[in-house]
Amino acid sequence: MKQPKRYLITSALPYANGLKHIGHLAGAYLPADIYVRYLKAQKRDVVFVCGSDEHGTAIPIQATKEGTTARAIIDKYHPIMKQNFKDLGIDFDIYHRTSDPLHHETAKEFFTKLNDNGDLEIKETEQYFDEQANSFLADRYIKGTCPNCSYDSAYGDQCERCGKSLSPDELINPVSTLSGNKPIKKSTKHWYLPLNRHEDFLRDWILKEHANDWRSTVVGQCKSWIDGGLQPRAVTRDLDWGVTLPESVDGGKGKVLYVWFDAPVGYISATKQWALNNDKDWKPYWQDKDTKLVHFIGKDNIVFHCIIFPIMLKLHGDILPDNVPANEFMNLEGDKMSTSRNWKVEMQDYVDDFINKENGGSQMADVLRYYLTLIAPETKDSEFTWQGFQDANNSELVSIFGNFVNRSLVLMHKLCKGKVPPLHAEALTDLDRTVVADIQAAKEKVEALLEQYKFRDALFEVINLARTGNQYMQKKEPWIVVKQLSEDGQPTAEAQASIDNTLHICLQLCANLAVLINPFLPFTARKMCYLMKVVDKMLDWENAGKMKLLSTGYSLRPPELLFRKIEDSEIAEQLEKLKAAVVNREASVVSKDSTMEEINPKFADVKSEIVFDDFAKIDLRVGKIISAEKVEKADKLLKLSVDLGFETRTIVSGIALHFKPEDIVGKQVTVVVNLAPRKMRGIESNGMILMAEDANGKLHFMNPEAEINPGAGVS
RNA sequence: GGCGAGGUAGCUCAGUUGGUUAGAGCACAGGAUUCAUAACCCUGAGGUCACGAGUUCAAAUCUCGUUCUCGCUACCA
């Protein structure tokens, strides 16, 4: 197999709207880090880039929720995420950020090149513009009279009464729903990436070339997209947070690049920044065919890294990824990890609870790395349990790996005077030779598995080598052999030779373990070097499989434990914490919202002012839900019957993910009763239920504090 | 709802192109041992391979149907 000249490894850019959890770590960061450490140990030319993804609408929205600015949000989360990765041993060559000027420049250049080459489609349209709100109006923000049925409240995209699809231009007497004013026509442009032009390329590249060497989930998902027919995808957006279009681009004012377009370019700008910092040239890493590019991501990101970004790269003249080893998701204690439900263990939590504790230290980072690699969701979703975490540590890391290293060092001090004993070739047994061969074999297995991104299996082989060491020692039992005394009270020459050989091999095996475990557990590997009094350079991969890593006669440090046991109480604590967090989140919702309102009265962008008459147009009533059922073929919709006193109405509401139908029957709700009917999934909805959304995205009914008569007016 | 991936021992996971009694680690039980963090070592028990049909001399593996989980997507006034 031809070896690439250089490697460029990326991990998905974490979105800077909150802290990331250990599921993210296991999916996109840890595997990449293991792979990179392995390549670096081989002295390959490799750059490992990542950074915070800081654009997109969710950041300003998060800012609104936290009562602050978008800038403040990213400045808050970026450094914490960077530090979390460092604490857990994720050793990026650079952790960049997309808010950096260099990134903006790079993304603009990328856009410009594609635009200049005619690879983007521009659709220039006369769109309605609300002068008072100072923004273009999406179709649904425009109302007017339907040309088909003369209904006077038709939306820009569809008439609710006759069901006809419309464009805003067809509406008679259009009105902006933002301000109530008559919008003006203004010319606007948007740029699109015509994915559909590249279907043949994708078919060849993914479904033929990579049908076998990419993971089946990845190929399957791509096939699904390609077969479904690709559509042009808007590259630009009317938004004020993001990478602005280049000045030179006509009609680009007030627009930014859509976040999906700018974020992956972040890999390139990060590489540029790395090159600047290290006085290197970034270009070969993205443009030379001898570079192997690998994207590590979670399965939710497949389409971007396998379909969209490759098209961008191809058009821009860059290399394509060699592989995209997407991981599945990791569940936690029987349920999906979820930020909104607070069912998660953040990297920060782990750092606080295990690494930064008195009995913690960086060794504890390795413990997490070990367990996450062991249960990595490489082919299907997997499950993190604290019990599993404890077991993995106590009965594998401690009992097998740590114990072997410890007993080797202890025995060496007791039976060989604290020095690496010589190897007596004439006294070698078959068993000795077998173990030596096993060490070489282990190296080859680990190597082969890592090249295939099978990290779990590779790690198992390393642990298995430690297990082999334990078995070997058990069979040779030097602590028994030492009792074969000669007349002077010292062990016989044969006995000492056997002991020397055993310990010599065990110690070389320890040194090999350090080399092999290094990509997975870097802190542990370094501690082992310390104990064996060798420099970190011994960890170079070329040393794996060799039997002369430790020189005969060399004295080693007194043994120290590599890992400590994790107590039942610590596990119980974590489980408690997990449950408490869920309860707290639910309890804190009410108080938290109200305090935020007080602190920051300008909680959200307040809509433009309206006169009382405008408000009075809205007819709000109290109603009572008398029945609820799920709408067929729709995940989010519930069909409700609401008693309004004077009549009972059918209302369709998009709340199915938040409430079970049986739980909301009998609830009082506030209803907009004079809203134009609208058909959803074939059911006509006559009104709208008012809901409040809290900072966690959870919905709450707006209802009177005491049960009152249905139909009561609200004002 | 459409599409994609998955459902294998108590737990976490392997099972390449269909081929003898379905594997590993942990946990569990019994034994042995003491150099070692009550660690190690040996042995053992434990599975209707989600369910139901079909193809085949032969199915965990191929086909169809059912069901459950996850992801993408549509539905959110």
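Letters go in sequence order (proteins before strands), and every chain restarts at 1. Here the structure is a predicted model, which is why all the values come from computation and not from measurement.
Here B/rA24 presents its P atom at 15 Å from CD of A/Glu396, a figure rounded to the nearest Å. Atom CG of A/Leu459 is separated from atom C1' of B/rA24 by 14 Å (rounded to the nearest Å). One can place CZ of A/Phe329 at 15 Å from P of B/rC13, the figure rounded to the nearest angstrom. Look at CD1 on A/Ile651: it is 16 Å from P on B/rC76, rounded to the nearest Å. Between A/Asp457 atom CG and B/rA24 atom C1' the separation is 10 Å, expressed in whole Å. Rounded to an integer number of Å, the gap from A/Glu378 CD to B/rA5 C1' is 15 Å. Distance, A/Gln474 CD to B/rA32 C1': 9 Å, rounded to whole Å. At whole-Å resolution of the value, OH in A/Tyr371 and P in B/rA27 are 13 Å apart.
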Start with the C-alpha gap between A/Gln452 and A/Asp457, add the side-chain angles, then the distance that decides, and say whether side chain to side chain donor-acceptor pair (under 3.5 Å) holds. CA-CA 10 Å; A/Gln452 297 169 64; A/Asp457 293 348; over 6 Å; no

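Note on A/Thr379: every side-chain N or O is 4.0 Å or more away from OP1 and OP2 of B/rG6. Considering only side-chain N and O atoms, A/Lys380 lies nowhere under 4.0 angstrom from the phosphate OP1 or OP2 of B/rU12.
Of the candidates B/rC72, B/rU37, B/rA77, the closest approach to any side-chain atom of A/Leu675 belongs to B/rA77. Counting only heavy atoms from C-beta on, A/Ile375 has its side chain closest to B/rU12 among B/rU34, B/rU12, B/rC76. Relative to the side chain of A/Asp300, the nucleotides B/rC35, B/rC72, B/rU37 differ in distance, and B/rC72 lies closest. Here the nucleotide nearest the side chain of A/Ser224, chosen from B/rC3, B/rC76, B/rA39, is B/rC3. Among B/rC72, B/rU34, B/rC13, the nucleotide with an atom closest to any side-chain atom of A/Trp479 is B/rU34. In the set B/rA5, B/rA14, B/rG71, B/rA5 carries the atom at the smallest distance from any side-chain atom of A/Thr217. Distance from the side chain of A/Asp391 is smallest for B/rC26 among the nucleotides B/rA5, B/rC26, B/rC35. Closest to the side chain of A/Arg467, out of B/rC76, B/rC41, B/rC72, is B/rC41.
Contact annotation for A/Lys223: no contact, since no heavy-atom pair falls under 4.0 Å across all strands. Contacts of A/Ser653 with the nucleic acid, taken as non-hydrogen atoms under 4.0 Å apart, involve only primed sugar atoms and P, OP1 or OP2. Heavy atoms of A/Asn470 sit under 4.0 angstrom from primed sugar atoms or phosphate atoms, though from no base atom. In this structure, A/Leu561 reaches the bases: a heavy-atom distance under 4.0 Å links it to at least one base atom across the strands shown. Using a 4.0 Å heavy-atom distance criterion, A/Phe460 is classed as a sugar-phosphate-only contact. Using a 4.0 Å heavy-atom criterion, one finds that A/Leu562 contacts the bases of the nucleic acid, with or without backbone contacts as well. Among the heavy atoms of the strands lying under 4.0 Å from A/Lys414 are primed sugar atoms or P, OP1, OP2 only; no base atom is included. Among the protein residues, A/Gly229 comes within range of no part of the nucleic acid, since none of its heavy atoms lies under 4.0 Å from any strand. The residue A/Val303 sits apart from the nucleic acid: no heavy atom pair falls under 4.0 Å. A/Arg456 comes within 4.0 angstrom of the backbone, heavy atoms only, and of no base.
Checked against A/Trp225 for a side-chain contact (heavy atoms from CB on, under 4.5 Å), the options A/Ile206, A/Leu202, A/Ile302, A/Ile307 give a single hit: A/Ile307.
The pair A/Lys380-A/Glu328 does not meet the salt-bridge criterion, since no charged nitrogen lies less than 4.0 angstrom from a carboxylate oxygen. Using a 4.0 Å cut-off between charged nitrogen and carboxylate oxygen, A/Lys475 and A/Asp432 do not count as a salt-bridge pair.
Here the two rings, on A/Phe455 and A/Phe520, have centers that are 6.0 Å apart or farther. Between A/Phe354 and A/Phe389, the ring center distance clears the sub-6.0 Å criterion.
Under the 30°/60° scheme for interplanar angles, the aromatic rings of A/Phe309 and A/His295 are found to be tilted. Under the 30°/60° scheme for interplanar angles, the aromatic rings of A/His24 and A/His21 are found to lie parallel.
For the C1' atoms, the distance from B/rU33 to B/rC26 is 22 Å, rounded to whole Å. Rounded to whole Å, the P atom of B/rG52 lies 27 Å from the corresponding atom of B/rA45. Taking the P atoms as reference points, B/rG44 lies 11 Å from B/rA24, given to the whole Å. Rounded to whole Å, the separation between the P atoms of B/rC72 and B/rG30 comes to 48 Å. Rounded to whole Å, the separation between the P atoms of B/rU20 and B/rC49 comes to 16 Å. Rounded to a whole angstrom, the distance from the C1' atom of B/rA9 to that of B/rU48 is 13 Å. A distance of about 49 Å separates the P atoms of B/rC76 and B/rA59, rounded to the whole Å. The C1' atoms of B/rA58 and B/rA22 are separated by 15 Å, rounded to the nearest whole Å.
With rounding to the nearest 0.5 angstrom, the CZ atom of A/Arg649 is 6.0 Å from the CG atom of A/Leu644.
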Would you list the atom pairs, donor with acceptor, under 3.5 Å between side chains in residues 393-404 of chain A and any protein atom, with sequence neighbours excluded?
residue, atom, partner, partner atom, Å
A/Asn393, ND2, A/Arg564, O, 3.0
A/Asn394, OD1, A/Ile566, N, 2.9
A/Asn394, ND2, A/Ile566, O, 3.0
A/Ser395, OG, A/Asp391, O, 2.6
A/Glu396, OE1, A/Tyr370, OH, 2.5
A/Ser399, OG, A/Asn394, O, 2.7
A/Asn403, ND2, A/Ser399, O, 3.4

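Sequence order on RNA chain B of the closest nucleotides to A/Asn464 and A/Glu383 puts A/Glu383 first from the 5' end. Two residues, A/Lys454 and A/Gln471, neighbour RNA chain B, and the one matched to the more 5' nucleotide by heavy-atom proximity is A/Lys454.
Inspection of the A/Asn470 and A/Arg407 side chains reveals an N or O donor paired with an N or O acceptor under 3.5 Å. If you check the side chains of A/Asn464 and A/Arg467, you find a donor sitting under 3.5 Å from an acceptor.
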For RNA chain B, just give me the dot-bracket, please: Watson-Crick or G-U, both distances below 3.5 Å, ( ) intra-strand, [ ] crossing earlier pairs, | paired with another strand, . unpaired. (((((((..((((.....[...)))).((((.........)))).....(((((..]....))))))))))))....

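Both the sub-6.0 Å distance and the 45° axial angle are satisfied by A/Lys299 relative to the ring of A/Phe329.
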Kindly give the atom pairs (protein nitrogen or oxygen, nucleotide nitrogen or oxygen) under 3.5 Å for nucleotides 61-67 of chain B.
none

